[in-house]
> 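I'd like to ask some things about the structure below.
Below, chains carry the letters A, B, ... as their sequence lines are ordered, and counting in each starts from 1.
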Amino acid sequence: MMVIMKIGRNINNQEIAKLLRVISAAYEIRGGNKFKIIAYDRAATAIEHATSEAKDLWDDGKLTEIPGVGASIASHLDELFRKGKVAHFEAIMRGLPPAMFEFLDIPGIGAKSAYKLCRELKIKNSQTAVLDLEKAAKKGKIAKIEGFGQKSQEDILEAIKVFKAGEIKENRMVLPYADAIAQEMISYLKKIPATVQADPLGSLRRRVATIGDVDIAVSTLKPVEVINWFVRYPKARKLVEKGPSGATILLKNGRQVDLRVQRPEAYGAMLQYFTGSKHHNIHLRELALKKGFSLSEYGIKKIKNLKLKIKNYANEEDFYKALDMDWIPPELREDTGEIEAALLPPIRRDQGKPDGLPKLVELEDVKGDLHIHSNFPVEESHDPGLDPMEEIIKVAHTLNYEYIGFTEHNPSQSQHSENQIISLLKRKKEAIDKINYSRVKKLLNGIFNGLEIDIKPNGELAIPEKALDLLDYGLASIHSSFRMSR
DNA sequence: GCCGTTTTCGGCCCGACTGTTTTCAGTCG
Ligand SMILES: Nc1nc2c(ncn2[C@H]2C[C@H](O)[C@@H](COP(=O)(O)OP(=O)(O)OP(=O)(O)O)O2)c(=O)[nH]1
Ligand SMILES: [Mg+2]
Ligand SMILES: [Mg+2]
């Protein structure tokens, strides 16, 4: 439960992000420049999402290539990687109760509340901070603090329960799990005629590998009906909040679902807003501002003529087109250059940027699979495949694959002599040769004989050298001894 | 603190919801 930061020279991206968020919160308490606070937060998000470890980028002198990391933060990180601590950060934190940072992941508590609670309740010990806060709430001490009351005291108690159960957005789910939750909710929403359309948005629509919460938008002329139906979802455990334009619930499984509703004629703007990402939206809105437009989930306003009515967009294509941009595939909307790339050709040429949006790899583009486990009995030590090769070939055919390769694990070394391993692999090679000469072969252009070969702790492969001659190819991978030093 | 072909200075997204406030601050999307 402790969220104390791990600091040191071997800090990873997740831990750096946490550290930068703590600094952002510290600046917020100190009344620092509002945009500096935002800058630290943005740098945190950028490092969290970076595809390389910040420490490796630092090694190559490329830290400032991360958008949002400039000279200042890069120099602090340089100090962090060299010395394991940052003097400037320590100075910022000095005088602030360290326990307050334990509260930042409790839903509804931000920097200001965390600080006030710590100070007024004299909470000193980081290790027991959350428990101390809970005790204080139960004794009615929070309601007495200025700016808090009976209701906020109850809300904090509830939030601590949620936090202790690990039911916070920071504990992310894998994409397929979130997909399942979203699909169930969408079927439920579609049961009432008021729902014109319902879509999973946010990180789900962007197909991010891990998902914090489930975001859903509904197109409707009867928002009140949809929202009331939503909050009565049978699997809902708790209503978090509810208003005229949406609601948030917590499900019995501890997951959060956010709903936003919008009229059909303005649904395009809602799709754009609620798909995100946050920094894609901010970047897009900044670009629009320079052109004299103000963007929101309701549509586009002309800044000069605020009296002019907001313009509706029923679909996303028109919304982006109004900004002279190509429609951007949701998978690319992470503010990593896609906005500049989407600017229509004449503008790109003016700016000397000829490149458009990249063409994404679609499922149909996948032409084969060279890592497949069949149930062919090679007597591996673990995880044999479930289906016969013939069945797998048929499925590959229905997927329009041109080729596949079979890569069962190598025969277990502990159970077999070298000769036994070779004879097992000979049998498999004969089986594949046979398939290649049989009718099934016509389904695919190529069926290859591979093997997933263990790399042993001493670096050797787990099959004899001459067994390699029996294979078309091998996949070598490590299956044990993960705690060896680098 | 970051960033840039209208800027190396002067900007920085925009809105929903809640509680405690008597007009808005804090938190979140
Ligand atoms: N303009 C703007 N849009 C935001 C902001 N925060 C969130 N959004 C929009 C874009 C997000 O993708 C969408 C849903 O917010 P979430 O907090 O659920 O984020 P998202 O789903 O992208 O990631 P997640 O996996 O839930 O952490 O709402 C913001 O500060 N400004
Ligand atoms: Mg989300
Ligand atoms: Mg959300």
Side-chain angles (χ1 to χ4, degrees), chain A residues 20 23-25 27-29 32-44 46 64 66-77 88 92 103-117 142-143 145-156 159 168-169 201-203 212-217 223 227 239-248 256-262 269-270 272-301 303 310 335 340 343 347-353:
Chain A
L20 295 177
I23 300 305
S24 172
Y27 268 121
E28 197 170 344
I29 302 308
N33 179 323
K34 182 178 139 204
F35 298 104
K36 195 196 278 196
I37 297 165
I38 293 171
Y40 269 94
D41 214 62
R42 168 155 155 66
T64 53
I66 301 174
V69 176
S72 171
I73 291 180
S75 85
H76 295 321
L77 293 181
H88 179 247
I92 304 294
F103 299 156
L104 295 178
D105 281 342
I106 300 175
I109 301 186
K112 296 265 167 67
S113 308
Y115 175 67
K116 215 172 186 182
L117 288 167
I142 292 179
I145 304 173
E146 201 195 317
F148 292 85
Q150 199 62 42
K151 185 66 172 65
S152 47
Q153 178 169 272
E154 281 163 29
D155 288 348
I156 287 174
I168 51 172
K169 279 192 70 179
L201 303 178
S203 50
D213 68 353
V214 170
D215 302 292
I216 291 176
I227 294 166
L239 176 62
V240 179
E241 62 184 26
K242 176 172 175 259
S245 63
T248 296
Q256 180 179 307
V257 186
D258 288 338
L259 172 79
R260 291 297 305 265
V261 293
Q262 183 55 285
M270 177 57 78
Q272 196 290 314
Y273 153 74
F274 214 27
T275 296
S277 64
K278 172 180 172 176
H279 291 289
H280 173 88
N281 287 355
I282 291 176
H283 192 153
L284 194 70
R285 288 171 181 206
E286 283 173 348
L287 190 110
L289 270 182
K290 287 179 194 154
K291 299 185 185 201
F293 299 113
S294 173
L295 272 43
S296 76
E297 61 267 46
Y298 295 93
I300 301 182
K301 277 186 290 202
I303 292 173
I310 190 163
D335 191 25
E340 287 76 10
L343 288 167
I347 299 164
R348 284 204 302 269
R349 269 198 300 275
D350 289 350
Q351 300 185 353
K353 289 176 188 159

> Taking atom C1' in both B/dC2 and B/dT8, compute the distance separating them and give it to the nearest angstrom.
12 Å
> Check salt bridge (charged side-chain N to carboxylate O under 4.0 Å, His left out) between A/Lys278 and all other residues, then give those that pass, not counting sequence neighbours.
none
> Given B/dC13, is OP1 or OP2 found less than 4.0 Å from the side-chain N or O atoms of A/Ser294?
no
> So A/Gly246, base contact, sugar-phosphate only, or nothing? Heavy-atom distance under 4.0 Å.
sugar-phosphate
> Pairing check on B/dT8: which nucleotide meets the Watson-Crick or G-U wobble criteria with it, both distances under 3.5 Å?
none
> Is the shortest side-chain heavy-atom distance between A/Gln272 and A/Leu284 below 4.5 Å?
yes
> From the list B/dT6, B/dT18, B/dG1, which nucleotide is the closest neighbour of the side chain of A/Lys290?
B/dT6
> Should A/Lys291 and A/Leu287 count as side-chain neighbours, where that means a heavy-atom distance under 4.5 Å?
yes
> Rounding to a whole Å, what distance do you find between A/Lys34:NZ and B/dC2:C1'?
15 Å
> Sticking with atom P, work out how far B/dT5 lies from B/dC13, rounded to a whole angstrom.
16 Å
> Rounded to the Å, how far apart are A/His283 NE2 and B/dC2 P?
17 Å
> For atom P, what is the distance between B/dT22 and B/dC17, given to the nearest Å?
23 Å
> How long is the straight-line distance from CD1 of A/Ile38 back to OG of A/Ser24, given to the nearest 0.5 Å?
8.5 Å
> Show the distances under 3.5 angstrom between N or O atoms of the protein and N or O atoms of nucleotides 8-11 of chain B.
none

> In whole angstroms, how far is the C1' atom of B/dC14 from the NE2 atom of A/His280?
15 Å
> What is the distance, to the nearest angstrom, from the CG atom on A/Leu343 to the P atom on B/dT5?
10 Å
> Measuring only the P atom in each nucleotide, how far is B/dT18 from B/dC12? A whole number of Å is fine.
29 Å
> How close or far is atom P of B/dT20 from atom CD1 of A/Ile142, stated in whole angstroms?
12 Å
> Sub-3.5 Å donor-acceptor pair from the side chain of A/Gln153 to the main-chain atoms of A/Ala143, do we have one?
yes
> What parts of residues 145-156 of chain A reach DNA chain B, counting only heavy atoms under 4.0 Å away?
A/Gly147, A/Phe148, A/Gly149, A/Gln150, A/Lys151, A/Ser152, A/Asp155
> Tell me whether the side-chain N/O atoms of A/Ser72 come closer than 4.0 Å to OP1 or OP2 in B/dG1.
yes
> Take atom P in B/dT23 and the same atom in B/dC28, then report the distance between them in whole Å.
25 Å
> Using ring-ring contact (aromatic ring centres under 6.0 Å, His included) as the criterion, list what pairs up with A/Tyr27, not counting sequence neighbours.
A/Tyr40
> What one-letter contact string describes nucleotides 23-29 of chain B from 5' to 3', where B marks a base within less than 4.0 Å of any protein heavy atom, S marks contact via sugar-phosphate atoms alone, and - marks no contact?
---SSSB
> Just call it for A/Leu289: base, sugar-phosphate, or nothing, with non-hydrogen atoms closer than 4.0 Å on any strand.
sugar-phosphate
> Closest approach to the side chain of A/Lys36, judged atom by atom: which nucleotide of B/dG1, B/dA16, B/dC14 is it?
B/dG1
> Measuring from atom CD1 of A/Ile310 to atom OG of A/Ser296, what distance do you get when rounded to the nearest 0.5 angstrom?
4.5 Å
> Applying a 4.0 Å non-hydrogen cut-off, can you work out what A/Ala43 is touching in the nucleic acid: base, sugar-phosphate, or nothing?
nothing
> Does the salt bridge (charged side-chain N to carboxylate O under 4.0 Å, His left out) test come out yes or no for A/Asp335 and A/Arg42, once each step is laid out?
CA-CA 11 Å; A/Asp335 191 25; A/Arg42 168 155 155 66; 3.6 Å; yes
> Please give the distance between the C1' atoms of B/dA16 and B/dG11 as a whole number of Å.
26 Å
> Please check if the side chain of A/Asn281 supplies one atom and the backbone of A/Tyr273 the other of a donor-acceptor pair under 3.5 Å.
yes
> For the backbone of A/Ala269 and the side chain of A/Gln262, can you confirm whether one donor and one acceptor N or O come within less than 3.5 Å of each other?
no
> How far, in whole Å, is B/dT21 from B/dG29 if one measures between their P atoms?
25 Å
> With sugar-phosphate meaning primed atoms plus P, OP1 and OP2, does A/Ile282 contact a base, only sugar-phosphate, or nothing at under 4.0 Å between heavy atoms?
base
> Who are the side-chain contact (heavy atoms from CB on, under 4.5 Å) partners of A/Ser152, not counting sequence neighbours?
A/Phe148
> For A/His279 and B/dC3, give me the distance from atom NE2 to atom P, rounded to whole Å.
12 Å
> A/Ile106 versus A/Ile156: any side-chain heavy-atom pair under 4.5 Å?
no
> For A/Glu146, is there any backbone N or O sitting under 3.5 Å from a side-chain donor or acceptor partner on A/Lys116?
yes
> Identify whether any heavy atom of A/Ile38 sits under 4.0 Å from a base atom; if not, whether one sits that close to sugar-phosphate; answer base, sugar-phosphate or nothing.
nothing
> Measure from NZ on A/Lys242 to P on B/dT18 and round the result to the nearest Å.
9 Å
> Taking atom C1' in both B/dT20 and B/dG26, compute the distance separating them and give it to the nearest angstrom.
11 Å
> Take atom CD of A/Glu340 and atom P of B/dC3, then tell me their distance rounded to the nearest Å.
12 Å
> When you compare the side chain of A/Glu154 with that of A/Gln150, does any pair of heavy atoms fall below 4.5 Å?
yes
